[in-house]
Amino acid sequence: MDATRPPNCVPNKIGNRRPARQNARFRMKWTQTLIPTLREAPSDAEIVSHKLLLRAGLIRKLAGGVYTFLPLGLRSLRKVEQIVREEMDRAGANEVLMPALQPPEIWEMSGRAETASNVLFKVKDSAGRQWFLSPTAEEVITTVAANEINSYRQLPKNFYQISLKFRDEIRPRFGLMRAKEFIMKDAYSFDATDEGAMASYKKMYDAYTRIFARCGLKAFPVEADTGVIGGNYSHEFMVPAETGENEVAFCEACGYAANIEKATSGVPKTAAREIGAAAEKFATPGVVTIEALSKEPYKVPANRQIKTLVYIADSQPIIILIRGDDQLNETKLMAKTGAVAVRPATVDEIVPLLGAKPGSLGAVVNVPASVKVYADERLQDANDMTTGANEDGFHFKNVSMERDIKVSAWFDLRTVTAGEPCAKCGKPLKIRRAIEVGHVFKLGTKYSEKLNATFLDVDGSRKPSVMGCYGIGVTRTLQAIIEQGNDKDGVIWPLSVAPYQVCITPLAVAPESEPMKLAEKLYAELTAKGVEVILDDRDERPGVKFKDADLVGFPIRIAIGEKALAKGEVEIKPRTAPVQFVKIDGAVEAVLALAKTI
RNA sequence: CGGGGCGUAGCGUAGCCCGGCUAGCGCGCUUGCUUGGGGUGCAAGAGGUCGCGAGUUCAAAUCUCGCCGCCCCGACCA
């Protein structure tokens with residue numbers, strides 16, 4: 001399940017990349033740039049990666065959910081972008097750049113002006129014209145395809161961009177994790193056939209696996225809900241982290257993994273029993289919870305109760321029935337019913353509808369014909385159940401789903417819980433939190449139909465392109481790398497995305513001092529080999545420089561002090577391994593060799 | 001948007017309940033000396049509209065009201 005490094009890709013390559021000469025990209029002196037490290041984290045940072053982004057001088061906050069990338073942060077960001085770019089190119093995608101400023105008309109056409117309204121950043125120009133700041137670009141790229149792709153001969157095509165995206169987050173959180181603006185890579189594939197679209201999807205899926213591996217991330221794909229973006233097949237790439245905002249159910253035995261919003265399990269249906277001839281009403285004064293009904297004197301186990309929920313789905317009230325010991329999964333509810341917006345009904349909406357308050361609700365009697373009843377599949381064939389009587393203070397027992405309740409449709413609506421048997425292999429499922437760093441969707445023809453992205457097929461018929469879309473949260477990925485790679489001293493960068501690969505730390509910085517002279521020499525030699533080096537030329541005490549180097553997290557540090565120098569040695573210290581002393585003449589080679597093992 | 005919390009120097013904070021301030025401390029910053037292999041030591045400094053605005057009062061960082069910003073939980077989330 002862990003994404004491992006693909007065999008034929010060579011990440012973390014160091015040295016001999018190209019003749020660097022004096023290329024500024026490869027070298028920097030600490031005093032030339034700005035690395036404002038902080039001994040203490042600002043109090044508004046909560047999670048470790050956010051604190052370290054600030055403490056290591058990588059970013060600064062301008063406003064809630066809006067950040068400046070400082071020089072070091074930008075270097076790492078660019079490296080992530082470059083990895084994404086290389087792998088997208090390798091997978092045959094074409095880089096484009098689309099406008100951030102988008103006219104509402106195309107969003108009206110796709111229907112997302114309404115369905116995505118709550119996250120759309122809306123701005124007006126001085127003429128009063130409305131614009132949307134792009135959260136993603138399905139509408140734009142599909143418009144391009146509509147205008148420029150006319151023949152099956154031009155397909156398949158895949159376009160991507162890496163650009164600033166905007167989202168009107170109601171609550172920005174955790175630094176770059178959930179920001180109002182962020183860098184995203186979005187790609188869009190167009191195919192003539194469904195099989196072609198699947199192949200395009202697979203290419204992106206594989207590219208994502210490579211990308212995250214090259215970023216040093218343990219990311220793994222999980223089955224995912226498609227949300228308002230639409231489509232019918234989707235995977236998210238998840239980085240395990242306790243601070244993640246997603247929950248993932250997975251099976252270590254067979255590899256099944258799915259977002260909790262989507263996950264299913266092999267839990268048994270509710271066993272049928274011998275029951276009486278009819279449902280029977282009984283008094284339950286003051287009992288308004290599953291919990292209370294399961295205790296004395298009623299003693300109805302939660303798994304023999306039917307939980308009745310009233311929701312408003314796209315302005316229409318609906319009833320949802322799930323087992324007393326289960327939790328409704330709202331994402332599944334939306335996915336299965338096709339509703340765009342759902343919310344629990346309020347007490348004021350429920351009472352006129354069913355005649356009772358929450359806690360005494362049921363679907364046996366007094367359900368208006370216009371109200372659809374959706375029941376969780378786990379209740380199919382269930383009987384000997386207890387449920388509310390739609391009369392405050394009363395419940396029914398001896399309830400049979402089949403006999404006593406008119407169900408409009410059966411769906412899988414429950415949320416899986418840890419320990420349930422895997423639907424595929426029966427072994428217990430586990431659940432853990434994770435950060436979503438990428439998402440691939442098979443879109444189908446939803447956008448191509450609405451925006452007229454059609455082409456002439458071999459047989460002369462006009463067909464909509466079959467689309468896919470593929471996102472990577474680049475800035476979020478950067479933070480996920482830090483969330484996954486850190487210790488008490490600071491960031492632990494993978495070599496591939498570290499702002500600089502090597503930090504040279506001379507313990508004396510006077511230009512004619514022996515340590516500084518050697519530092520300059522190694523700096524020049526390593527740079528010439530294509531190694532990215534920062535030279536800490538600050539006139540600071542050793543402790544300060546070591547602490548800062550650890551905090552920023554350079555993968556390799558070379559310390560040059562009088563003591564080792566007297567023995568003709570320098571000190572090479574990998575960020576996460578013990579120090580080694582090497583002869584001065586072999587220092588460059590030693591660094592190059594070491595880099596191959598990181 | 002609902003609930004909770006917080007805004008005092010670049011960062012972290014004390015003071016606020018119980019009004020009396022010339023607003024204290026640590027880190028950072030400047031200067032000098034010192035030290036020189038894991039955030040040296042000493043000394044002298046600079047730096048504050050106490051988030052903003054009104055009000056109460058002889059007197060407001062402190063009490064009241066309004067606003068703004070930030071953080072957390074929830075809702076929401078391509």
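These numbers were taken from a predicted model, which means no experiment stands behind them. Letters A, B, ... are given to chains in the order of the sequence lines, protein chains preceding strands, and every chain is numbered from 1.
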| said: Looking only at the side chain of A:Lys61 (C-beta and beyond, no hydrogens), which of the listed nucleotides B:C70, B:A78, B:C11 gets closest? | reply: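 For the A:Lys61 side chain, the nearest candidate turns out to be B:C70.
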| field | Centroid separation A:Tyr233 to A:Phe441 less than 6.0 Å | value |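 For A:Tyr233 and A:Phe441, the ring centres are not under 6.0 Å apart.
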| message | Classify A:Pro42 by what it touches in the nucleic acid, base, sugar-phosphate, or nothing, heavy-atom distance under 4.0 Å. | response |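 Answer is sugar-phosphate: A:Pro42 comes under 4.0 Å of backbone atoms only.
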| request: Classify the nucleic acid contact of A:Ala508 as base, sugar-phosphate or nothing, counting any heavy atom under 4.0 Å across all strands shown. | output: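 Nothing: the residue A:Ala508, judged by heavy atoms under 4.0 Å, touches no strand.
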| request: Just jot down the side-chain hydrogen bond (donor to acceptor under 3.5 Å, both in side chains) partners of A:Ser448, sequence neighbours excluded, or say none. | output: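 side-chain hydrogen bond (donor to acceptor under 3.5 Å, both in side chains) list for A:Ser448, sorted by chain: empty.
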| query | Can you name the side-chain hydrogen bond (donor to acceptor under 3.5 Å, both in side chains) partners of A:Asp186, sequence neighbours left out? | reply |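 With neighbours one apart ignored, the set is A:Gln161, A:Lys165, A:Tyr188.
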Nearest-angstrom distance, [atom1] atom, [N] to [M]:
N	M	atom1	value
B:G39	B:U64	P	46 Å
B:G15	B:U34	P	40 Å
B:C52	B:C68	C1'	7 Å
B:G38	B:G48	P	36 Å
B:C1	B:C18	P	32 Å
B:G37	B:A44	P	27 Å
B:G24	B:G45	P	14 Å
B:C16	B:A61	P	14 Å

Nearest-Å distance, [atom1] ([X]) to [atom2] ([N])?
X	N	atom1	atom2	value
A:Met334	B:A78	CE	C1'	12 Å
A:Asp168	B:C1	CG	P	11 Å
A:Ile59	B:C11	CD1	C1'	15 Å
A:Arg60	B:G10	CZ	C1'	9 Å
A:Ile260	B:C77	CD1	C1'	17 Å
A:Arg476	B:A78	CZ	P	11 Å
A:Met467	B:A78	CE	P	17 Å
A:Trp107	B:A78	CH2	P	12 Å

Can you see whether [X] engages [Y] through a side-chain donor-acceptor pair at a distance of less than 3.5 angstrom?
X	Y	result
A:Glu138	A:Thr136	yes
A:Thr337	A:Tyr374	no
A:Gln102	A:Trp131	no
A:Thr445	A:Glu449	yes
A:Tyr208	A:Lys203	no

| Just to confirm, is there a sub-4.0 Å distance from OP1 or OP2 of B:C11 to any side-chain nitrogen or oxygen of A:Ser43? |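 No, because none of the side-chain N or O atoms of A:Ser43 sits under 4.0 Å from OP1 or OP2 of B:C11.
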Atom pairs under 3.5 Å, N or O on each side, protein against nucleotides 29-39 of chain B: can you list them with distances?
residue	atom	partner	partner atom	Å
B:U35	O2	A:Arg541	NH1	2.4
B:G36	N2	A:Asp539	OD1	3.4
B:G37	O6	A:Gly561	N	3.1
B:G37	N1	A:Glu571	OE1	2.7
B:G37	N2	A:Glu571	OE1	2.1
B:G37	N2	A:Glu571	OE2	2.6
B:G38	O6	A:Arg557	NH1	3.2
B:G38	O6	A:Arg557	NH2	3.2
B:G38	N1	A:Asp550	OD2	2.9
B:G38	N2	A:Phe546	O	3.4
B:G38	N2	A:Asp550	OD2	2.4
B:G39	O2'	A:Arg39	NH1	2.8
B:G39	O2'	A:Arg39	NH2	3.0
B:G39	N1	A:Asp548	OD1	3.3
B:G39	N2	A:Asp548	OD1	3.4

| Can you say whether the rings of A:His235 and A:Tyr201 are parallel (under 30°), tilted (30 to 60°) or perpendicular (over 60°)? |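 Taking A:Tyr201 first and then A:His235, their aromatic rings sit tilted (interplane angle of 30° to 60°).
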| Which atom of A:Asp537 lies closest to which atom of A:Thr31, heavy atoms considered |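 Of all heavy-atom pairs spanning A:Asp537 and A:Thr31, the closest is OD2-OG1, 2.6 Å.
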| query | With nearest nucleotides of RNA chain B determined for A:Gly65 and A:Met184 from heavy-atom distances, which residue corresponds to the more 5′ nucleotide? | reply |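 Result of the comparison: A:Gly65.
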| request: Give a yes or no on whether a salt bridge exists between A:Glu349 and A:Arg343, defined as a side-chain N under 4.0 angstrom from a carboxylate O. | output: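 Looking at A:Arg343 together with A:Glu349, the answer is yes, because their closest N to O distance falls below 4.0 Å.
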Taking only nitrogen or oxygen atoms into account, show me every contact under 3.5 Å that the protein makes with nucleotides 72-76 of chain B, one pair per line with its distance.
residue	atom	partner	partner atom	Å
B:C72	OP2	A:Arg171	NH1	3.3
B:C73	OP2	A:Arg171	NH1	3.4
B:C73	OP2	A:Arg171	NH2	2.8
B:C73	OP2	A:Arg173	NH1	3.4
B:C76	OP1	A:Glu330	OE1	3.1

| Contacts of A:Glu562 that satisfy side chain to side chain contact (heavy atoms under 4.5 Å, CB included) - sequence neighbours left out |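 For A:Glu562 the side chain to side chain contact (heavy atoms under 4.5 Å, CB included) partners, ignoring immediate neighbours, are A:Pro515.
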| field | Side-chain donor/acceptor of A:Arg60 to backbone N/O of A:Leu54, under 3.5 Å | value |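 Yes.
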| Would you write out the dot-bracket form of RNA chain B, 5' to 3', with Watson-Crick and G-U pairs under 3.5 Å, [ ] for crossing pairs, | for pairs to other strands and . for unpaired bases? | (((((((..((((......[...)))).(((((.......))))).....(((((..]....))))))))))))....
